[in-house]
Number of protein chains: 2
Amino acid sequence: MSTNYPDFIAHIRRYVELSDQEVKVLEKYVQPVELKRREYLIKEGEVCRNNYFVERGCLRMFFYNDKMVEQTTQFAIETWWLSDYFSLARQSPSEYSIQAVERSFVVAVDYSLQDKLFSELPQLEHYFRIMMQRALAASQLRVKMIYQLSKEEMYTHFVSSFPQFFQRVPQYMIASYLGLTPEYMSELRKRR
Amino acid sequence: MSTNYPDFIAHIRRYVELSDQEVKVLEKYVQPVELKRREYLIKEGEVCRNNYFVERGCLRMFFYNDKMVEQTTQFAIETWWLSDYFSLARQSPSEYSIQAVERSFVVAVDYSLQDKLFSELPQLEHYFRIMMQRALAASQLRVKMIYQLSKEEMYTHFVSSFPQFFQRVPQYMIASYLGLTPEYMSELRKRR
DNA sequence: CGGTCTCTTGACGGAGTTCAAAGCTAGTGG
DNA sequence: CCACTAGCTTTGAACTCCGTCAAGAGACCG
């Protein structure tokens, strides 16, 4: 079978049935996006119009805090979905930017056509329900980690849970994601 | 129309069509639960088997941190869903307890029957997809607040955003939810 | 090689925690 | 309906984790 999105389609098929013909239908609703390192999918102030699936590469979502320092709130690598779901639902300006950490290949699903897509391919509603629930589970876990771990434990927990990340992503982004300063994280590294 | 879950059904009907006959079908999949103040829906270590909808009252989800202090991570009041979605998906023991803050009426949806329910009433999959996405948006916003606000700002933001909560829920639970000690929150109250 | 990101070091300060104890409130049972 | 008690909130003092600032050392890219 030929598709422009082999990993994307394969991922969906891990959860629902999708004939080759239905793949053709799906392809009408999605857009491929190739991003260079540091390129943006959306910038703060824009309305978020797509749900993004990472085929290859790595994205991050961040906002500027009161000191105009970038605060990374989420990463997404292969097979993960990323979007500002608040902006998406309300079609309100996003307070986040979404940027490629490295060269990335992304599938963009137009949110305004999502209902139409689901009426054509009802099994995709099932797939998306599972993805949203999975993301929610991850987000609950994230909040728990923030509340139960000290900054030092956050760091060691992250290092042992996602060692791959460490090579791919600049330190200061990880520090920001973990809610600590690059300076303090540098001190923590030294301790081990 | 007669149902045991007027608010529950009304809430679903805000998002999808549901005939009176379909309501009868739905009712086979759900259980009413009435809880006294401090009663538990699940306790730490048990597997979470239901998704809970709050008809009346208030629930909280919490875990015990390393000092055996209760750490509240979520509240749920009328029309909100609450569950440990990690435990639900994996059918693994939950690290949380879910408890009624006040006398509450809850609708429990058996997760093991959910796929069957969706095959009988496909529009409920749509409803749940929306609920999961809404909860995810709320969780993203929560993480953003944690990262951008100081403890003092967390407090004032919470007070102005959810003044009703303040009457209903003990201070120490709110303090815990906001990630600060009761002692420090007491000091913050004094400042205003 | 030059310049711009990125990471490290160390001194200092303050927001927020910890501990202990007293004061208050509300729920329960008599 | 009152009184008792367990649970909740407040106070204050000591302490500490972690952020801030400033400056220097690498590292990566054109």
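Excluded from the calculations below are hydrogen atoms, water molecules and symmetry mates; all remaining heavy atoms, backbone and side chain alike, are included. Naming convention: chains lettered A, B, ... in sequence-line order (proteins, then strands); numbering from 1 in each chain. What you see is a predicted model, and the numbers here were worked out from it, not measured in a lab.
- The CD atom of Glu102(B) sits 15 Å away from the P atom of dC8(D) (whole-angstrom rounding).
- With Tyr184(B) as the aromatic partner, Lys151(B) does not meet the cation-pi criteria of under 6.0 angstrom to the ring centre and within 45 degrees of the ring axis.
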Which nucleotides of nucleotides 25-30 of chain D have their base under 4.0 Å from a protein heavy atom (B), which only their sugar-phosphate (S), and which neither (-), written as one string 5' to 3'? ------
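- Scored by the side chain to side chain donor-acceptor pair (under 3.5 Å) test, Tyr5(B) finds no partners at all (sequence neighbours excluded).
- Note on Glu152(A) versus Arg191(A): salt bridge recorded, some NZ/NE/NH1/NH2 to OD/OE distance being below 4.0 Å.
- Between Glu78(A) and Arg56(A), no side-chain nitrogen of the basic residue sits less than 4.0 Å from a carboxylate oxygen of the acidic one, so the salt-bridge criterion is not met.
- Remark on DNA chain D: of its neighbouring residues Tyr184(A) and Val169(B), the 5'-side contact belongs to Val169(B), judged by nearest-heavy-atom nucleotide.
- Regarding Gln171(B), its CD atom lies at a distance of 16 Å from the C1' atom of dG23(C), rounded to whole Å.
- Listed by chain and number, the residues in a side chain to side chain donor-acceptor pair (under 3.5 Å) with Gln140(B) are Gln74(A) (sequence neighbours excluded).
- Contact between the side-chain N/O atoms of Arg189(B) and the OP1/OP2 oxygens of dT10(D) is found at a separation under 4.0 Å.
- With sequence neighbours left out, Tyr85(A) forms a side chain to side chain donor-acceptor pair (under 3.5 Å) with Asn51(A).
- Contacts of Thr72(B) classified as side chain to side chain donor-acceptor pair (under 3.5 Å), with partners at least two apart in sequence or in another chain: Arg60(B).
- Contacts between residues 173-181 of chain B and DNA chain C, defined by a heavy-atom separation below 4.0 Å, involve Gly179(B), Leu180(B), Thr181(B), listed by number.
- For the residue pair Ser94(B) and Ser87(B), no side-chain donor N or O sits within less than 3.5 Å of a side-chain acceptor on the partner.
- Following rounding to the nearest Å, Glu187(B) (CD) and dC19(C) (C1') show an atom-to-atom distance of 15 Å.
- Judged by a 6.0 Å distance limit and a 45° cone about the ring axis, Arg134(A) is positioned over the six-membered ring of Trp80(A).
- Note that the two end axes of the helix from dC1(C)-dG30(D) to dG30(C)-dC1(D) enclose an angle of 60°, each drawn from 5 base pairs, rounded to 10 degrees.
- Under the rule for a ring-ring contact (aromatic ring centres under 6.0 Å, His included), Tyr40(B) has no partner lying at least two apart in sequence or in another chain.
- Residue contacts shown for Glu183(A) include a base, since a base heavy atom lies under 4.0 Å away.
- Side-chain N or O atoms of Ser150(A) include one that pairs as donor or acceptor with a backbone N or O of Glu153(A) at under 3.5 Å.
- Cluster partners of Phe105(B) are absent, since no Ile, Leu, Val, Met, Phe, Trp or Tyr has side-chain heavy atoms less than 4.5 Å from it.
- Nearest-nucleotide assignment on DNA chain C puts the 5′-proximal partner with Met185(A), out of Met185(A) and Met185(B).
- For Glu125(B) and Gln114(B), the side-chain atoms include no donor-acceptor pair closer than 3.5 Å.
- Contact check of residues 64-75 of chain B against DNA chain D (heavy atom, cut-off under 4.0 Å) returns no residues at all.
- Using a 4.0 Å cut-off on heavy atoms, the residues of residues 145-160 of chain B that approach DNA chain C are Ser150(B), Lys151(B), listed by number.
- The phosphate of dT11(D) (OP1 or OP2) has a side-chain N or O of Lys190(B) nearer than 4.0 angstrom.
- Across the protein-nucleic acid pair, Tyr172(A) atom OH and dC7(C) atom C1' stand 12 Å apart, rounded to whole Å.
- Glu120(B) pairs by the salt bridge (Lys or Arg N to Asp or Glu O under 4.0 Å) definition with nothing, not counting sequence neighbours.
- No side-chain donor from either of Arg168(B) and Gln164(B) sits under 3.5 Å from a side-chain acceptor of the other.
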Would you check, one step at a time, whether the test side chain to side chain contact (heavy atoms under 4.5 Å, CB included) holds for Gln71(B) with Phe62(B)? CA-CA 5 Å; Gln71(B) 192 76 40; Phe62(B) 69 90; 5.6 Å; no
